[in-house]
Amino acid sequence: EMASIDMPEAWAVLSEQQEDEEAAGPVGKGPVVGVIDSGVDYTHPDLKDAMWVNEGEIAGNGIDDDGNGFVDDIHGWAWCDGPFYPDT
C-alpha cells in the first residue's frame, strides 16, 4: 500500500525538488539516469499473470535464444548479477 511507504510524502518532496530544479535552469551536460531496483517477486499472486515474458527465450538453458545478447532474459535482465530468473 502506497501510504505504508510514505509515497504521498515522497512524491510531494520530489515534486518540490523538480520545481526548484526547473526554476534554476539546466545543470550539467547531457542526461543523467539512475535506476535503483532491488528486484520484483514475479511469482507474487498479484503480479505473476501480468509479468512480461520474453517469448524468444527458453528459461535456464544457458543460451541466448533470441539473439539479443542476453542469455535467459525471461523477465528482463539484472544488470548487476546477470539473468533474471531464480535458481531452481
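The figures that follow rest on heavy atoms only: side chains count, while hydrogens, waters and symmetry mates do not. Given the structure is predicted, the values throughout are model-derived calculations rather than measurements.
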Participant: Taking His75 for its side chain and Trp52 for its backbone only, find out whether a donor-acceptor pair lies under 3.5 Å.
Facilitator: yes

Participant: Have a look at Glu57 and tell me which of Val71, Ile63, Ile74 forms a side chain to side chain contact (heavy atoms under 4.5 Å, CB included) with it.
Facilitator: Ile74

Participant: How long is the gap from CG on Asp41 to CG on Leu47, to the nearest 0.5 Å?
Facilitator: 7.0 Å

Participant: For a quick test of reading the model, state the closest non-hydrogen atom pair linking Asn61 to Asp72 and the distance between them.
Facilitator: OD1-OD1, 2.9 Å

Participant: Under a 4.5 Å cut-off applied to non-hydrogen side-chain atoms, are Asn54 and Asn68 in contact?
Facilitator: yes

